[in-house]
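Just so it is clear: chains get the letters A, B, ... in the order the sequence lines come, proteins before strands, and each one is counted from 1. Since the structure is predicted, the reported quantities are computational estimates derived from the model, not experimental observations.
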Protein chains: 2
Amino acid sequence: MSKMVLLKDVSERTGCSSALVSAVLNGHTGRIRASEAMRERIIEAANDLGYVPNRNARGLRMSRSFLIGALAANLSSSFVPEILAGIESRCLHTNYGVLLGDYNSEEELLERWSGFQGRGVDGVICIGNPVSFKKNILPCPGMKCVFVGGCVGDKECGGIWVDRASLSQLAARAFAERGHRHIAYLTNHSPTECNAWRNALLTHGIVAGTIRSCHNFFEEGVAVATAILQEHPELTACFADSDLLGTAVLTAARHCGKRVPEDLSVLGIDDSILCRISQPELASLRQPRREQGEKGAELLMQMLDGEPARDIVLHGELVCRASLAQCPDNHSESRK
Amino acid sequence: MSKMVLLKDVSERTGCSSALVSAVLNGHTGRIRASEAMRERIIEAANDLGYVPNRNARGLRMSRSFLIGALAANLSSSFVPEILAGIESRCLHTNYGVLLGDYNSEEELLERWSGFQGRGVDGVICIGNPVSFKKNILPCPGMKCVFVGGCVGDKECGGIWVDRASLSQLAARAFAERGHRHIAYLTNHSPTECNAWRNALLTHGIVAGTIRSCHNFFEEGVAVATAILQEHPELTACFADSDLLGTAVLTAARHCGKRVPEDLSVLGIDDSILCRISQPELASLRQPRREQGEKGAELLMQMLDGEPARDIVLHGELVCRASLAQCPDNHSESRK
DNA sequence: AAAAGCTAATTAATCGTTTTATCATATTAT
DNA sequence: ATAATATGATAAAACGATTAATTAGCTTTT
């Protein structure tokens with residue numbers, strides 16, 4: 001902390017008050033104005049001395065920190081870093097900095113939250129959808145929030161997400177076009193929450209069959225998928241709620257002696273690196289993670305400038321790979 | 001920004017001065033002391049009101065921001081988030097917050113750096129080893145730095161890394177014990193930088209053969225590995241500098257009609273999720289990523305408390321999986 | 001010529017903490 | 001009995017910026 005250059009140092013060298021320096025450096029054109037000559041002298045002196053404003057002081061005075069808090073549940077889960085990268089990239093040429101808050105439990109969440117409050121972050125981006133918000137646990141007294149990857153239905157909060165219904169439709173179409181009619185769904189959600197999927201299939205005249213819940217862990221996915229495949233030999237396709245579960249299905253198929261894609265087509269969600277690593281390569285629905293982050297940051301900044309909160313819905317995209325193919329029963333049918 | 005709870009609010013409710021509240025809440029035992037009864041009343045009142053200290057004010061007064069900058073090259077590369085998670089977790093019950101700085105080019109790096117300076121971060125953790133530091137591009141006037149995953153050989157900077165030599169030794173031993181003598185090495189580094197690997201092999205009486213550089217991209221890895229396998233049919237093993245490259249070798253082996261592990265053993269580095277997804281499962285050298293982050297944050301905090309910079313060297317660990325097996329030429333030899 | 005308005009600035013208050021210097025009062029030592 | 005020390009506190013001065021209130025000197029308007 002050798003010797004920071006202060007406003008006072010600049011003002012002394014220029015022979016004016018620090019108020020004037022502050023006004024000039026912040027480009028104020030209101031009550032406090034400097035002559036053109038003084039303006040130039042001040043700016044030159046500031047550059048000369050290498051003046052860097054102290055944001056603690058500024059933040060204290062203005063009660064604005066130009067800091068955005070990014071609250072993430074489990075930083076090492078695959079999609080969080082990509083969203084974070086989007087947020088960072090959107091903040092690049094702005095005044096805002098991103099304060100990171102990773103948490104792995106309700107307790108940690110609360111600690112992060114109060115840390116954010118104490119630092120006076122101007123707003124918060126929540127990656128994922130902390131349950132606590134639904135429960136109204138988090139004190140949210142006028143704190144501007146944007147939820148990326150979910151919404152809380154709060155008028156005060158913005159939301160960015162990829163429409164689950166449209167993902168379901170993409171998947172249903174992909175399978176239907178290839179003649180599949182017996183399609184399992186391996187999901188993180190509870191079966192009762194899967195009406196989007198049921199409806200999407202009905203659009204193509206298909207009645208949804210096996211829907212099974214499963215946590216997003218590889219081993220659990222393998223176990224559940226193996227059970228499904230054994231119980232339902234008629235299945236020719238499986239839709240999984242993540243690439244991790246998709247690769248789990250691939251592994252389960254191997255266990256059951258089913259060839260992919262000859263006997264079984266598999267589709268994941270995320271289009272992550274896993275798709276290219278797996279054998280065969282996994283078809284997947286790409287979700288614009290990075291874009292979600294960018295849009296989230298942008299929305300929050302707009303809200304900080306006084307615009308009202310709103311929701312932004314994005315859409316996925318099918319990335320076809322070897323694991324997705326024509327249904328074995330009817331190779332002639334439904335080809336597009 | 002409705003109404004923050006201030007020190008004053010707590011002191012008014014307790015009927016004492018804010019100085020006393022501050023001292024109690026910070027656990028000071030020096031000049032300013034409170035009676036046990038007062039202590040309890042203050043703490044209770046603070047909890048009651050939900051007091052959160054304003055870090056801008058604190059930072060201003062103490063001329064410390066209690067902010068740590070985390071500079072990361074490419075946030076979405078697999079290991080960065082894990083290190084970041086380690087840093088975050090170490091900062092959890094401290095006063096420090098983590099300011100994120102992702103960059104994808106020299107230019108972005110410089111912008112992040114000046115952003116950090118402007119925010120008055122107390123210190124910086126660099127994840128990975130920005131070339132700019134070697135080149136002395138970054139102005140580092142007394143800024144405390146810790147490098148995670150590399151060092152710059154600067155006395156002023158701390159460093160945490162996993163010893164490459166020991167990783168090489170682990171790999172060499174794993175292969176040697178299984179009877180392999182013709183082992184390729186697919187690395188991010190230039191062949192001239194691989195003496196650790198050569199020496200490790202020599203320990204076991206093996207002369208290093210094919211060493212080939214390759215960027216850490218799947219497709220490039222497949223191409224390079226395919227070339228190696230075709231040019232050197234005598235190879236029975238391949239060591240890859242990352243799991244991504246390891247899985248690339250698996251794919252290349254398939255292209256070349258080599259079975260893993262019957263014809264070829266493969267070993268990666270990182271013990272990431274890729275190892276369990278791949279077919280066969282990939283053996284790997286685990287690097288304590290999270291621990292590197294935690295130790296890095298801890299070291300920086302110590303340096304901020306006045307301790308001198310130092311280096312911390314961690315070690316890897318072999319995680320054996322299906323891709324690593326006995327050499328086909330000599331199943332009887334060298335079994336341990 | 002007085003009033004009003006503009007320009008170019010200054011002074012001083014303020015933001016919410018931490019910390020130094022100070023002050024009673026009570027206890028112990030001389 | 002007086003001085004020294006310990007205990008339990010308070011008042012006020014930082015910290016470095018922003019900004020409302022004020023001022024002094026000009027120019028223009030009435």
J.: Using a 4.0 Å cut-off to any heavy atom of chain A, which nucleotides of DNA chain D are the first and last in contact, reading 5' to 3'?
T.: D:dG16 to D:dT22

J.: Could you state the atom-to-atom distance from CZ of B:R33 to P of C:dT20 in whole Å?
T.: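 So the CZ-P distance, B:R33 to C:dT20, works out to 16 Å.
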
J.: Please say whether more than 12 non-hydrogen atoms of neighbouring residues, nucleotides or ligands are located less than 6.0 Å from CD in A:E156.
T.: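 Counting neighbours around CD of A:E156, 12 or fewer heavy atoms of other residues, nucleotides or ligands fall under 6.0 Å, so no.
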
J.: Rounded to whole Å, please give me the gap between NE2 in B:H28 and P in C:dT17.
T.: 14 Å

J.: Return the value, rounded to whole Å, for the distance between atom CD1 of B:I32 and atom C1' of C:dT20.
T.: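 It works out to 8 Å between those atoms.
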
J.: If you measure from CZ on B:F147 to CG on B:D311, what distance do you get to the nearest 0.5 Å?
T.: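 Result: 11.0 Å between the selected atoms.
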
J.: Assign A:N56 to base, sugar-phosphate, or nothing according to its heavy-atom contacts below 4.0 angstrom with the strands shown.
T.: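 Counting heavy atoms under 4.0 Å across all strands, no contact is made by A:N56.
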
J.: Show the nearest heavy-atom pair for residues B:R289 and B:I83, with the distance to one decimal.
T.: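 The answer is O-CG1, 3.6 Å.
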
J.: Please determine whether a side-chain nitrogen of the Lys or Arg among A:R112 and A:E108 lies less than 4.0 Å from a carboxylate oxygen of the Asp or Glu.
T.: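 Result for this pair is no, no salt bridge flagged.
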
J.: Do side-chain atoms of A:T14 reach the backbone of A:V10 as a donor and acceptor pair under 3.5 angstrom?
T.: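 Yes.
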
J.: Just report the end-to-end axis angle for the helix from C:dA1-D:dT30 to C:dT30-D:dA1, five pairs per end, to 10 degrees.
T.: 60°

J.: Do B:N26 side-chain atoms and B:A23 backbone N/O form a donor-acceptor pair below 3.5 Å?
T.: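 No; judged by distance alone, with no hydrogens or angles, the pair does not exist.
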
J.: Can you pull out the residues from residues 6-21 of chain A that lie within a 4.0 Å heavy-atom distance of DNA chain D?
T.: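 Those residues whose heavy atoms fall under 4.0 Å from DNA chain D, taken from residues 6-21 of chain A in numerical order, are A:L6, A:L7, A:A19.
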
J.: Please report the C-alpha distance between B:L100 and A:L99 in whole Å, then the side-chain angles of each, then the deciding distance to 0.1 Å, and finally whether the side-chain contact (heavy atoms from CB on, under 4.5 Å) criterion is met.
T.: CA-CA 6 Å; B:L100 189 56; A:L99 197 60; over 6 Å; no

J.: Ion pair present between A:E82 and A:R290, side-chain N to carboxylate O less than 4.0 angstrom?
T.: no

J.: Between A:M62 and A:M38, who's closer to the 5' end of DNA chain C by nearest nucleotide?
T.: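 That would be A:M38.
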
J.: In a check of salt bridge (Lys or Arg N to Asp or Glu O under 4.0 Å) between B:R90 and each of B:E298, B:E294, B:E291, which one passes?
T.: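 Only one option passes, and that is B:E298.
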
J.: Does the side chain of A:R64 come under 3.5 Å of the side chain of B:N56 through a donor N or O and an acceptor N or O?
T.: no

J.: Step through the shown structure and confirm whether more than 12 heavy atoms of other residues, nucleotides or ligands are within 6.0 Å of CZ on B:R39.
T.: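 Open: at most 12 neighbouring heavy atoms sit under 6.0 Å from CZ of B:R39.
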
